[in-house]
Novice: 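Can you read through this structure? Questions will come right after.
Here is how names work: the chains are called A, B, and so on, in the same order as the sequence lines, proteins then strands, and each is numbered from 1. The figures here come from the full heavy-atom set of this structure, side chains too, leaving out hydrogens, waters and symmetry mates.
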2 protein chains.
Amino acid sequence: MANKKRTTLKDIAKVLNISPAAVSKAMHDDSRISDKTKKAVNRVAKELNYQPNHIASALRKGKSNLVGVIVPRTNSNFFSSVIENMEEVLNKEGYNIIITQSNESFQKECSNIDTLLFTQVDGIIASMANETVDLSYYEKVKSKGIPLILFDRGENDLNVDYVGIDDYESSHMIIKHLISKGCKRIAHIGGFRRTRIFNNRIRGYVDAIHKYNLPHEDHLLLESSLTLEDGRAKMKELLKLKNPPDAVYVAGDYAALGALQVLNEQKIRVPEDICLVGFGNEPFTSLVSPSISTVNQHSNEIGKIAAETFIKRINTDNWTPKLEKNILKSELIIRSSSNR
Amino acid sequence: MANKKRTTLKDIAKVLNISPAAVSKAMHDDSRISDKTKKAVNRVAKELNYQPNHIASALRKGKSNLVGVIVPRTNSNFFSSVIENMEEVLNKEGYNIIITQSNESFQKECSNIDTLLFTQVDGIIASMANETVDLSYYEKVKSKGIPLILFDRGENDLNVDYVGIDDYESSHMIIKHLISKGCKRIAHIGGFRRTRIFNNRIRGYVDAIHKYNLPHEDHLLLESSLTLEDGRAKMKELLKLKNPPDAVYVAGDYAALGALQVLNEQKIRVPEDICLVGFGNEPFTSLVSPSISTVNQHSNEIGKIAAETFIKRINTDNWTPKLEKNILKSELIIRSSSNR
DNA sequence: TATATTTGCTTAATCGATTAAGCAAATATA
DNA sequence: TATATTTGCTTAATCGATTAAGCAAATATA
């Protein structure tokens with residue numbers, strides 16, 4: 001293979017008979033370098049096909065221009081869209097991202113953090129695994145003094161910047177919508193209470209139910225892992241009640257799909273007999289029949305804001321303890337499953 | 001924030017009153033360093049919470065231990081699963097990966113390649129965008145002398161290592177299956193011929209049709225972008241034929257879903273009136289009704305082999321022109337849409 | 001006992017790019 | 001004209017880890 005050595009600043013300097021330092025400054029458009037020299041440097045750089053050695057510059061400047069990203073899984077419309085938008089902002093600022101997946105495993109998440117720190121990333125943007133309760137690894141990131149930004153699955157105790165949607169308010173929006181469709185007994189298949197976002201959805205559900213004077217019964221509120229399978233199981237539980245609900249609000253789209261499958265199998269008409277609303281706007285929600293009403297979490301905005309928050313942090317030397325908590329409004333997408 | 005400087009080899013050396021060189025060697029278990037010193041070094045390293053500066057070592061050794069990955073999009077079960085398996089192999093060997101998405105855009109793909117080269121990756125593992133015809137950017141990677149491995153969407157002209165499934169044979173398998181279900185007029189909604197994998201599926205379809213003496217008519221073979229929308233359009237075209245097919249083999253799952261929607265809308269029974277088979281085993285194929293028969297591409301194996309091929313290449317100094325072409329057997333998953 | 005080898009380290013250079021400090025020539029200002 | 005400032009560079013050190021070369025002491029071999 002062509003193993004010709006790469007061109008360095010020194011090579012350019014030699015051609016022009018100036019110092020490497022002058023070349024470096026010319027490349028960075030330093031005001032103390034003449035236009036003539038700058039032009040010559042750029043010309044020779046192009047001729048020799050110069051590509052800066054990013055590693056050398058990283059070592060000298062003490063920063064890698066890499067941002068680590070940790071997500072539960074990339075294989076989800078929400079996360080991949082967040083990443084895409086994050087990337088756009090960060091690339092523009094000269095940063096590249098290293099994406100890692102935790103697969104919802106706490107252990108994998110910890111090892112990802114170690115990997116990213118080892119790679120000397122300049123910051124970490126993360127959404128936590130469902131399993132994660134112990135925050136010591138994130139404390140480790142904080143103690144390194146590099147920016148840590150959480151999104152979607154954040155943890156308030158950590159005291160770091162956060163971007164996400166207003167889960168509490170989203171629940172209100174859903175309940176209000178279901179009531180407008182004439183629903184009188186609304187059940188909630190929620191996520192695990194220990195995860196903040198799911199806890200907020202549950203609180204929102206309970207408060208909205210009270211606000212509108214609907215029956216709030218313990219067996220109408222179930223906690224779930226929100227997998228498709230568990231969505232099926234929880235829907236079956238609800239159908240076995242002697243007084244089943246006329247609407248079900250599920251805190252995740254996969255579980256909502258499971259619920260829908262059970263309803264279809266049992267020939268219960270959706271939305272005529274039971275209205276169904278999911279959460280997350282996964283693409284399949286519009287593909288199944290009936291299509292599932294769900295909540296759009298503005299993944300593009302979240303990605304963009306998370307990236308911008310990072311940029312802001314990295315550019316302020318004087319660490320300000322003021323945190324950015326960006327809570328976005330979500331959007332209810334009404335489809336067949338609740339549109340009666 | 002705690003901005004205490006990171007511990008370096010020098011710090012450890014100072015504590016033990018030996019040279020940084022000795023510390024470095026002790027860390028790497030050099031045979032010329034005494035056990036006593038090694039133990040002491042490890043003890044102090046732990047005490048001072050030493051983390052090696054990856055960047056400094058990368059600069060000195062001329063390698064970054066980063067592998068660049070380019071995929072059309074991470075938001076697909078196939079690609080995210082490939083990446084997951086690749087990561088596992090590479091992490092074990094001390095490599096980290098930088099994932100980038102081309103979003104099926106040739107231009108984005110080129111800029112991703114530039115980004116990765118700029119980041120000094122030690123190699124690139126890629127699956128090409130649909131748009132990509134011009135290979136000059138990949139030639140650039142080759143000319144840098146770093147390993148380039150392609151998977152799934154590869155291009156034979158490039159003369160690089162490749163991992164994928166046997167698309168030609170997969171088509172045969174599908175046609176054979178459909179014939180076993182009594183189908184007599186089998187249509188194919190294929191991808192763009194310029195992409196090798198789709199061309200192979202088309203060739204496999206045509207040859208199998210001939211082999212089994214089925215009618216091979218031009219209007220039964222359509223070329224498509226394989227999006228959901230185009231799947232719908234092409235299915236409508238097929239239904240307008242005066243002699244419509246009794247089975248449709250679609251070269252991608254999203255397009256297959258589009259086709260299914262049209263069939264459902266027009267009250268054509270699947271599989272009774274028309275059998276449907278997709279390609280790729282995207283999760284939703286098992287979720288829609290009827291569930292869609294499809295082809296599993298062994299994403300885990302592909303990821304593993306691609307990573308292993310990279311490791312093999314990076315560890316052989318003497319460049320051997322012998323290429324690895326790994327063609328895996330695929331697996332047909334028979335579901336309701338073709339099981340009559 | 002005399003020489004050869006091995007052990008366990010040190011010294012100094014290196015990977016490229018960057019930057020603080022400084023210097024001479026050119027230009028501006030008093 | 002004398003001094004101050006600006007311009008356009010150079011010199012040398014630096015970011016940490018690594019490694020070739022080498023040296024003295026310890027050990028092995030003849």
Novice: Looking at DNA chain C, which of residues 34-50 of chain A put a heavy atom within less than 4.0 Å of it?
Specialist: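 Y50(A) - these, ordered by number, are the residues of the stretch whose heavy atoms sit under 4.0 Å from the strand.
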Novice: Of all residues at least two apart in sequence or in a different chain, which pass the side chain to side chain donor-acceptor pair (under 3.5 Å) check with E131(B)?
Specialist: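 If we apply the side chain to side chain donor-acceptor pair (under 3.5 Å) test to E131(B), skipping adjacent residues, there are no hits.
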Novice: Does A26(B) have any side-chain contact (heavy atoms from CB on, under 4.5 Å) partners at least two apart in sequence or in another chain, and if so, which?
Specialist: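 Listed in chain order: I33(B), K38(B), V41(B).
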Novice: If you fit an axis to the five pairs at each end of the helix from dT1(C)-dA30(D) to dA30(C)-dT1(D), how big is the angle between those two axes, to 10 degrees?
Specialist: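 Axis-to-axis angle, ends of the helix: 40°.
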Novice: Side-chain contact, heavy-atom cut-off 4.5 Å: F310(A) with R313(A)?
Specialist: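 No, their side chains stay 4.5 Å or more apart.
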Novice: Assign each of V23(B) and L59(B) to its nearest nucleotide of DNA chain C by heavy atoms, then name whichever residue's nucleotide is nearer the 5' end.
Specialist: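 The residue mapped nearer the 5' terminus is V23(B).
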Novice: Using side-chain contact (heavy atoms from CB on, under 4.5 Å) as the criterion, list what pairs up with S127(A), not counting sequence neighbours.
Specialist: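 Testing S127(A) for side-chain contact (heavy atoms from CB on, under 4.5 Å), a comparison that skips the adjacent residues, returns P72(A), F79(A), F151(A), D152(A), R153(A).
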Novice: What's I55(B) touching, base or sugar-phosphate or nothing? Going by heavy atoms closer than 4.0 Å.
Specialist: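 No contact at all - I55(B) keeps every heavy atom at 4.0 Å or more from the nucleic acid.
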Novice: Where does the chain B footprint on DNA chain D start and end, counting 5' to 3' with a 4.0 Å heavy-atom cut-off?
Specialist: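 Endpoints of the contacted stretch of DNA chain D: dG16(D) to dG22(D).
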Novice: Check side chain to side chain donor-acceptor pair (under 3.5 Å) between N77(A) and all other residues, then give those that pass, not counting sequence neighbours.
Specialist: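 Listed in chain order: N75(B).
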Novice: For residues 85-98 of chain A, please give each side-chain donor-acceptor pair under 3.5 Å, one per line with the distance, not counting sequence neighbours.
Specialist:
unit_1: N85(A); atom_1: ND2; unit_2: S81(A); atom_2: O; d: 2.8
unit_1: Y95(A); atom_1: OH; unit_2: K63(A); atom_2: NZ; d: 2.6
unit_1: N96(A); atom_1: ND2; unit_2: T119(B); atom_2: OG1; d: 3.2

Novice: Sequence neighbours left out, what passes side-chain contact (heavy atoms from CB on, under 4.5 Å) with A21(B)? Give chain and number order.
Specialist: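 Checked A21(B) against side-chain contact (heavy atoms from CB on, under 4.5 Å); matches are S19(B).
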Novice: Applying side-chain contact (heavy atoms from CB on, under 4.5 Å), name anything that partners K325(B), two or more places apart in sequence or on another chain.
Specialist: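 Testing K325(B) for side-chain contact (heavy atoms from CB on, under 4.5 Å), a comparison that skips the adjacent residues, returns N156(B), Y162(B), L323(B).
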Novice: If a pair satisfies salt bridge (charged side-chain N to carboxylate O under 4.0 Å, His left out) and one of its residues is in residues 9-19 of chain B, list it, with sequence neighbours excluded.
Specialist: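 Found none.
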Novice: For N17(B), check side chain to side chain donor-acceptor pair (under 3.5 Å) against everything at least two apart and list the hits.
Specialist: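 Partners of N17(B) under the side chain to side chain donor-acceptor pair (under 3.5 Å) test: none.
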